[in-house]
There are 2 protein chains.
Amino acid sequence: MKATIYDVAREAGVSIATVSKVINGKGKISEETRGTVLEIMARMNYQPSVIASALTGKKTYTLGLLVPDISNPFFAEIARAIEDQSQHYGYSVVMCSTDNKDKKVEKYIALLLQKSVDGIIIATGIDETVIMEQLLSKSLPVVLLAREMPHAAVNTVVVDDYVGGSLAADHLLGLGHKHIAVLGENIKVISSRERIRGFRAKLADVQIPMREDWLKYCDYRIEDGKQKALQLLQTEDRPTAIFACNDMLAVGALQAAKESGVKVPDDLSIVSFDNTILAMVTDPQLTTIAQPMNEMGKLAVDLIVDELKGRKNVKQRTVLRPELLIRQSTASRPGRRLPKEKK
Amino acid sequence: MKATIYDVAREAGVSIATVSKVINGKGKISEETRGTVLEIMARMNYQPSVIASALTGKKTYTLGLLVPDISNPFFAEIARAIEDQSQHYGYSVVMCSTDNKDKKVEKYIALLLQKSVDGIIIATGIDETVIMEQLLSKSLPVVLLAREMPHAAVNTVVVDDYVGGSLAADHLLGLGHKHIAVLGENIKVISSRERIRGFRAKLADVQIPMREDWLKYCDYRIEDGKQKALQLLQTEDRPTAIFACNDMLAVGALQAAKESGVKVPDDLSIVSFDNTILAMVTDPQLTTIAQPMNEMGKLAVDLIVDELKGRKNVKQRTVLRPELLIRQSTASRPGRRLPKEKK
DNA sequence: TTGAAAGCGGTACCAG
DNA sequence: CTGGTACCGCTTTCAA
């Protein structure tokens, strides 16, 4: 079948130890043998087996990536960034879609461990206590991406959700909006909570209280965002702006607005979060708080690789700044220049 | 570190051979020893190393997946289907985004081979002769997904692009359109060519010739679709309908229409291809020829697994039927009920 | 500079 | 039923 190190050694008339050395550039080898061995390897089209060398205590050059769903554009884009950077260092990445189910998370982590991956990037919700503890005790490089676990000693790369939320609020406030609703993700998602916290704080700064009945928690589907937005819009007294905690939910809001005959951005402004491809595809295009997905993926891989190379052993938490991207889904509050319309 | 089979054997007071047997359910083991070994394994939290067993000639339980770009919704959705089905059989999947560059394809394939993956699913453009030949000679299960290679003996799963094209044409023709333009992918992409061929044939059936200057080839970006559509729309004599060979291009067309003040679907109908999430997010939502992405992914994995299990060794080509999904981007030809508007 | 040999963690054949 | 043992393909001392 495939050529092995033995075949090369025999063909080159040297020992496998010698071949191994030229492969890895270790030890002292005369230029001459080095040359012949190299030549033979090329001729035989020899490719060392990663499996075998991994067994000898070396690395598998494989990383695991846990996301809720690779088909979700946000995670797909993150995955691409991670893949590129991994590839750059010679690593492959195994994708694992968990649907945020603890059962699946556990199963996947066990699988990755059995396959001796060199590191794991976790971008999925996870049951802190049980699973992570095991994982960290394995002395396996782990980084949390777009997820937080305040109490664990683990490398983390996140966007500053609080700032992101304030940015959204500032923008809407600046446009004169006072009646603002919020579409959040599942309440268990910390990042979403932080976004809302930052958002709420800014409103408080200007004495505009957030109506609690205008804060809706949604699951992950567009449809759910739409339903919740519909509840918001189909009342007399409706908000003039909505802050959606991700692009999917914003799409739902957009659809709800259309169905309710509410014009965006004229009658309703929408700010979303993430800046995935979805934000560019809707009509109007979404004004959004952009997450630097490329940098996030890149950083996560760098952290793993640094740890594998033995440099950097203190855990760090990197917080990237999100950025307001003004597109077409936001505009001045309806009737801003006019006398008050109600009351 | 991690417990090995030796640790378990020692602890259980048996030989590693025995442990190996209970792990794999092979050979005859007394219920009693079986019980203790199992118990010890559980207590020690022992997980056999896939690496080690792979080295012994067994499988790595890993599949490689080559796509042009995992962040492209079409491939992200395919990837999800593949991942689920792989997981079902106990396989992991390594993702490889090639950007359709031969260089990257080669690099990735070499990497996958070194890692001894058990099979490769190719959903990316690829230089037939050079690479595939090598690959197939390796007696490694390979399946082509959403790609064709007419002359190679390789399992293939595709959608019937020709039929898809005709479906699109039928729909548009049925709505009374006679002036139809086409946005195709790069001319080298066979599937796109087939879609156009099927489309063209239907037009020919009713004596409506396709204007060659209304057939535009685009690259993969929304922006390019938009530019080409702009050329189409910003002339006196413009088409009343556009058939876009994928959702991205259709989005571009939609944007071009908006920029040109052309209303979709009133003044312009658009039919796209794929039915990714993008088709549901645009406004109006896209009428599209849906590819059964889930089935495609599932089938591809099944083919690999079947081959690995030794059953089914004759190569097969499975052609799935696409389906017209009518949404909001198509409508009757403008002025259909009215007397001819021009001439 | 080179090579012999001892693993790495399992599998599987063969003897007992 | 159970265990001894020869590999799998490669890395890494340690001698020569």
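Proteins come first, then strands; the chains are lettered A, B, ... in the order of their sequence lines, and each starts at number 1.
- Rounded to a whole Å, the CD1 atom of A:Ile51 is 13 Å from the C1' atom of C:dG10.
- Remark: the backbone N or O of A:Leu63 is not paired with any side-chain donor or acceptor of A:Asp118 at under 3.5 angstrom.
- Dashed line: the shortest gap from a side-chain N or O of A:Thr4 to OP1 or OP2 of D:dG9 is not under 4.0 Å.
- A:Asp274 and A:Gln291 are linked by a side-chain donor-acceptor pair at a separation below 3.5 angstrom, with hydrogens and angles left out of the test.
- The closest side-chain donor-acceptor pair between B:Ser15 and B:Thr18 falls under 3.5 angstrom.
- Not a single donor-acceptor pair under 3.5 Å links the side chain of B:Glu185 to the backbone N or O of B:Ser191.
- Side-chain polar atoms of B:Thr62 and B:Lys115 form no donor-acceptor pair below 3.5 angstrom.
- In this structure, the side chain of B:Glu83 engages the main chain of A:Ser97 through a donor-acceptor pair within 3.5 Å.
- In this structure, the CG atom of B:Leu55 is 12 Å from the C1' atom of C:dG7, given to the nearest Å.
- B:Thr4 is not listed as a side-chain neighbour of B:Ser49, based on a closest heavy-atom distance of 4.5 Å or more.
- Atom CG of A:Leu113 is separated from atom C1' of C:dG9 by 15 Å (rounded to the nearest Å).
- B:Asn186 and B:Tyr220 share no donor-acceptor pair across their side chains, judged by distance under 3.5 Å alone.
- At least one side-chain nitrogen or oxygen of B:Ser30 sits closer than 4.0 Å to the OP1 or OP2 atom of D:dT2.
- Distance alone, capped at 3.5 Å, is enough to place a donor-acceptor pair between the A:Thr156 side chain and the A:Val154 backbone.
- One atom, CD of A:Gln114, and another, C1' of C:dG9, lie 13 Å apart when rounded to the nearest Å.
- Taking atom CD on A:Gln47 and atom P on D:dG9, their separation rounds to 15 Å, with Å as the unit.
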Revision key, fill the gap. Each nucleotide of nucleotides 11-16 of chain D classed B (base within 4.0 Å of a protein heavy atom), S (only sugar-phosphate) or -, in 5' to 3' order, makes BB----

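- A rotation axis mapping the C1' atoms of four pairs onto the next four is fitted at both ends of the helix from C:dT1-D:dA16 to C:dG16-D:dC1 over five pairs, and the angle between these axes is 40° to 10 degrees.
- For A:Ser15, the listed nucleotide lying nearest its side chain is C:dA4; candidates were C:dG10, D:dC8, C:dA4.
- Under 4.0 angstrom from either OP1 or OP2 of D:dC8 there lies no side-chain N or O belonging to A:Ser49.
- Of the candidates D:dC1, C:dG3, C:dG9, the closest approach to any side-chain atom of A:Thr18 belongs to C:dG3.
- Atoms NZ (B:Lys2) and C1' (C:dG9) sit 11 Å apart, rounded to a whole Å.
- Distance A:Arg34 CZ to C:dT2 P: 12 Å, rounded to the nearest Å.
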